[in-house]
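Here is how names work: the chains are called A, B, and so on, in the same order as the sequence lines, proteins then strands, and each is numbered from 1. Since this is a predicted model, take the numbers as computed values, not measurements.
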Amino acid sequence: MALRFFNTYSRELEEFEPRDPAARRIGIYTCGPTVYSRAHIGNFRAYIFEDLLQRHLELRGYKVHRVMNITDVDDKTIRGAREAKVPLAKFTAQFKEAFFEDVEILRIKRANEFPAATDHRYIDRMIQMIAMLISRGLAYQADDKSVYFRINEFPNYGKLAHFDLAQLQSTGRVKHDEYDKEHIGDFALWKAWDEEDGDVKWDSPWGPGRPGWHIECSAMATRLLGNQIDIHCGGVDNIFPHHEAEIAQSEGVTGKKFVRYWLHCAHLLVDGQKMAKSLGNFYSVPDILAKGYTGRELRYALMRVHYRVPLNFTWEGMNEARESLGRIDEWLERLQKMVGTPRRGVRSAQRADPAIQFEEALDDDLNISAALGFLFESIRETNRAMDENKLDAASASAWLDWWKRINTVLDLETEIEVVVPAEVAELAEERENARREKNWKRSDQLRDRISAFGWEVRDTKDGPKLTRHGAASSG
RNA sequence: GGCGGGGUAGCCAAGUGGUAAGGUCGCGGUCUGCAAAACCGCUAUUCGCGGGUUCGAUUCCCGCCCCCGCCUCCA
């Protein structure tokens with residue numbers, strides 16, 4: 001099956017054809033965080049979706065160059081810095097750092113570049129683009145000294161969101177105090193400095209000020225990825241006005257179609273509601289870790305639902321994620337053991353037939369739910385074969401190779417070597433002795449003591465096996 | 001009001017014009033000293049509601065209801 005994605009622009013599933021099919025190199029631009037506070041798990045749902053996208057494209061042989069911007073200057077960052085009484089750069093640095101910590105915890109592949117809005121290279125580029133837009137009549141400086149994009153001069157404005165410009169005038173939420181603008185929908189390219197901005201300002205042909213939010217992405221995207229990019233992603237809430245504005249600015253400057261495929265991810269809900277601090281359902285990655293869950297468990301929980309479907313985050317869902325991952329872990333361990341110590345008496349070697357359906361499901365607009373369905377079906381089938389002693393080492397090895405391949409996309413394997421504390425190991429040994437003497441009472445007491453250390457002992461054919469209990473498990 | 005996304009078992013969630021993947025939870029069984037893990041079985045005559053098309057619709061069409069999002073700087 002050909003690779004296809006749902007393009008927000010056409011609202012249709014489209015076969016993916018990169019700009020340069022021969023080179024198999026593709027450029028992806030993803031809207032990153034605004035570093036005014038710690039990012040929440042809803043933000044990370046989007047980043048995990050983008051991670052899945054990148055990894056699957058790479059599995060399919062594409063060489064992906066991905067850019068994710070960091071917005072480190074806007075109203076909120078300026079306000080935050082002012083309230084904290086620290087320079088803007090210092091204020092945002094802590095959240096940049098936190099962002100990268102969380103990215104690591106969630107095993108999100110780092111973008112090739114993380115341009116920051118305050119980097120002078122991009123400020124220069126933004127100024128250059130704004131000047132060009134003015135010279136083409138697509139932008140103007142208003143009486144308030146700010147520069148605005150003239151949406152009436154860009155006929156395609158509204159095409160991505162499927163908005164009718166006339167409609168914009170009738171919404172109640174538009175601020176009517178912005179009388180300086182020609183059209184209520186005109187958006188700021190350059191915001192003139194005012195007192196509240198303090199020392200946050202850059203010189204420009206239109207006086208001191210700072211860039212508008214939208215122009216930053218156009219500048220970075222076109223500078224780092226060229227005039228046309230293959231895929232541009234973000235959350236659905238970015239469709240309007242942000243991405244609409246990006247199209248207007250970029251195409252207004254380059255005259256070329258800016259983005260071939262627009263992919264947008266649905267929101268994360270918490271307990272069926274939008275995340276909000278006032279509702280007490282607002283979580284960051286450390287909040288989840290504090291509840292005893294691991295990064296990979298959260299990764300799984302955020303990844304397992306198709307990106308265009310709203311995902312409802314619940315603690316029950318986190319437990320499901322943990323159990324499902326445990327199932328994968330057990331399966332892998334069993335296969336590894338089979339490869340390591342081939343048993344005699346294995347009869348007909350069941351031909352390992354690692355399912356291509358997994359990858360084909362992902363080809364279909366990243367249908368991760370279907371892909372995981374195939375994974376778990378495969379797990380049950382191979383487990384059954386192993387139970388019946390019908391899987392040989394070669395087949396087990398083939399399944400492991402398959403896992404290794406799909407895990408380049410999932411990245412869900414436990415990574416931390418489990419180290420059993422000496423005291424737990426001792427107790428386990430004592431318990432084995434008791435069991436050999438058929439002293440079941442003592443054996444069960446020892447199991448309880450082991451349990452008190454947070455470990456669980458299981459008696460297998462190959463002897464006792466120690467695993468960490470639920471929340472405390474590593475990796 | 002406009003534009004989107006969604007409504008499938010207790011919960012999460014695929015999917016198809018021909019009679020419902022998978023995960024999780026629960027129950028029963030095999031295995032086990034007992035457990036655990038694994039496996040087997042059971043758990044939606046039914047896919048928000050009402051019409052229509054069809055031999056047949058959860059899937060297509062029409063109408064309606066509910067939830068969520070966007071409508072100027074929230075992923």
Using Watson-Crick and G-U wobble pairs with both distances under 3.5 Å, what is the 5'-to-3' dot-bracket string of RNA chain B, with [ ] for crossing pairs and | for pairs outside the strand? (((((((..(((.....[...))).(((((.......))))).....(((((..]....))))))))))))....

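Comparing the same atom, C1', in B:rU45 and in B:rA9 gives a spacing of 13 Å after rounding to whole Å. Using P as the reference atom, B:rG23 and B:rA13 are 16 Å apart when rounded to the nearest Å. The gap from the C1' atom of B:rC11 to that of B:rG4 amounts to 27 Å, rounded to the nearest Å. Across the P atoms, B:rC25 and B:rA38 are found 10 Å apart, a figure rounded to whole Å. For the P atoms, the distance linking B:rU54 with B:rU43 amounts to 35 Å, nearest Å. Nucleotides B:rA35 and B:rC42 are separated by 23 Å at their C1' atoms, to the nearest Å. Distance check on atom C1': B:rA37 versus B:rG29 gives 16 Å, rounded to whole Å. Between the C1' atoms of B:rA21 and B:rU59, the separation comes to 16 Å (whole Å).
Using a 4.0 Å heavy-atom cutoff across all strands shown, A:H40 reaches at least one base atom of the nucleic acid. At a threshold of 4.0 angstrom between heavy atoms, the contacts of A:S369 include nucleobase atoms, whether or not backbone atoms are also involved. Here A:G42 lies in heavy-atom contact (under 4.0 Å) with a base. At a threshold of 4.0 angstrom between heavy atoms, the contacts of A:L269 are confined to the sugar-phosphate backbone, with no base atom among them. Note on A:L268: a base of the nucleic acid sits closer than 4.0 angstrom, heavy atoms only.
A:W315 carries A:K291 over the face of its six-membered ring, with the cationic atom under 6.0 Å from the centre and within 45° of the normal.
Listed by chain and number, the residues in a ring pair (Phe, Tyr, Trp, His ring centres under 6.0 Å) with A:W440 amount to none (sequence neighbours excluded). Applying the side-chain hydrogen bond (donor to acceptor under 3.5 Å, both in side chains) criterion to A:S146, with sequence neighbours excluded, gives no partner residue. Partners of A:D329 under the side-chain hydrogen bond (donor to acceptor under 3.5 Å, both in side chains) rule, at least two apart in sequence or in another chain, are A:R296, A:T414. Taking A:Y300 as the reference, nothing meets the side-chain hydrogen bond (donor to acceptor under 3.5 Å, both in side chains) condition, with sequence neighbours excluded. The ring pair (Phe, Tyr, Trp, His ring centres under 6.0 Å) check on A:F95 picks up A:F91, with sequence neighbours excluded. Scored by the ring pair (Phe, Tyr, Trp, His ring centres under 6.0 Å) test, A:F5 finds A:F16 as partners (sequence neighbours excluded). Residues passing the side-chain hydrogen bond (donor to acceptor under 3.5 Å, both in side chains) test with A:E333, sequence neighbours excluded: A:K465. Partners of A:F100 under the ring pair (Phe, Tyr, Trp, His ring centres under 6.0 Å) rule, at least two apart in sequence or in another chain, are A:F114.
Residue A:W262 contributes atom CH2, which lies 16 Å from atom C1' of B:rG4 at whole-angstrom precision. Summarising the geometry, the separation between NZ on A:K438 and P on B:rC34 is reported as 11 Å, rounded to the nearest angstrom. Spacing between atom CZ of A:F376 and atom C1' of B:rA13 amounts to 12 Å, rounded to whole angstrom units. What separates CG of A:L446 from C1' of B:rA35 is a distance of 15 Å, to the nearest Å. Atom-to-atom, OH of A:Y300 to P of B:rU24 comes out at 8 Å; the value is rounded to the nearest Å. Taking atom CD of A:E297 as the reference point, atom P of B:rU24 lies 13 Å away to the nearest angstrom. Summarising the geometry, the separation between NE2 on A:H267 and P on B:rC67 is reported as 19 Å, rounded to the nearest angstrom. Look at CZ on A:R322: it is 17 Å from C1' on B:rC12, rounded to the nearest Å.
Not a single donor-acceptor contact under 3.5 angstrom links the side-chain atoms of A:N367 to the base of B:rG15. In this model, a side-chain donor or acceptor of A:E320 finds a partner on the base of B:rG23 within 3.5 Å. A donor and an acceptor atom sit less than 3.5 Å apart, one in the side chain of A:R447 and one in the base of B:rC34. The base of B:rC34 lies close enough to the side chain of A:D459 for a donor and an acceptor atom to sit less than 3.5 Å apart. In terms of polar N and O atoms assigned as donor or acceptor, the side chain of A:R431 comes within less than 3.5 Å of the base of B:rG33 in a complementary pairing.
Side-chain N/O atoms of A:N433 and A:R436 include a donor and acceptor closer than 3.5 Å. For the residue pair A:N69 / A:T71, a side-chain donor-acceptor distance below 3.5 Å is found, with atom types taken as modelled. In the model, A:T382 has a side-chain atom that pairs as donor or acceptor with a side-chain atom of A:W331 under 3.5 Å.
Comment: A:K96 engages A:D72 in a salt bridge, judged by a side-chain N to carboxylate O separation of less than 4.0 angstrom.
Of all nucleotides listed (B:rA13, B:rC71, B:rC74), B:rC71 comes nearest to the side chain of A:F163.
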Without placing hydrogens or testing angles, list every side-chain donor-acceptor pair under 3.5 Å for residues 31-42 of chain A, not counting sequence neighbours.
unit_1	atom_1	unit_2	atom_2	d
A:R38	NE	A:D102	OD2	3.1
A:R38	NH2	A:E101	OE1	3.3
A:R38	NH2	A:D102	OD1	2.7
A:H40	ND1	A:G42	N	3.0
A:H40	ND1	A:N43	N	3.2
A:H40	ND1	A:N43	OD1	3.4
A:H40	NE2	A:N43	OD1	3.2

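Where A:S443 and A:H162 meet RNA chain B, the nucleotide closest to each residue was compared, and A:H162 sits on the side nearer the 5' end. The residue among A:V457 and A:G212 whose nearest nucleotide of RNA chain B lies closer to the 5′ end is A:V457.
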I'd like to compare against my own output: the B/S/- annotation of nucleotides 37-43 of chain B with a strict under-4.0 Å heavy-atom distance to protein. SSSS---

Listed pairs, N/O of protein and of nucleotides 5-8 of chain B, under 3.5 Å:
unit_1	atom_1	unit_2	atom_2	d
B:rG5	O2'	A:R308	O	3.0

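Between A:K76 and B:rC74 there is a side-chain N or O to OP1 or OP2 distance below 4.0 Å.
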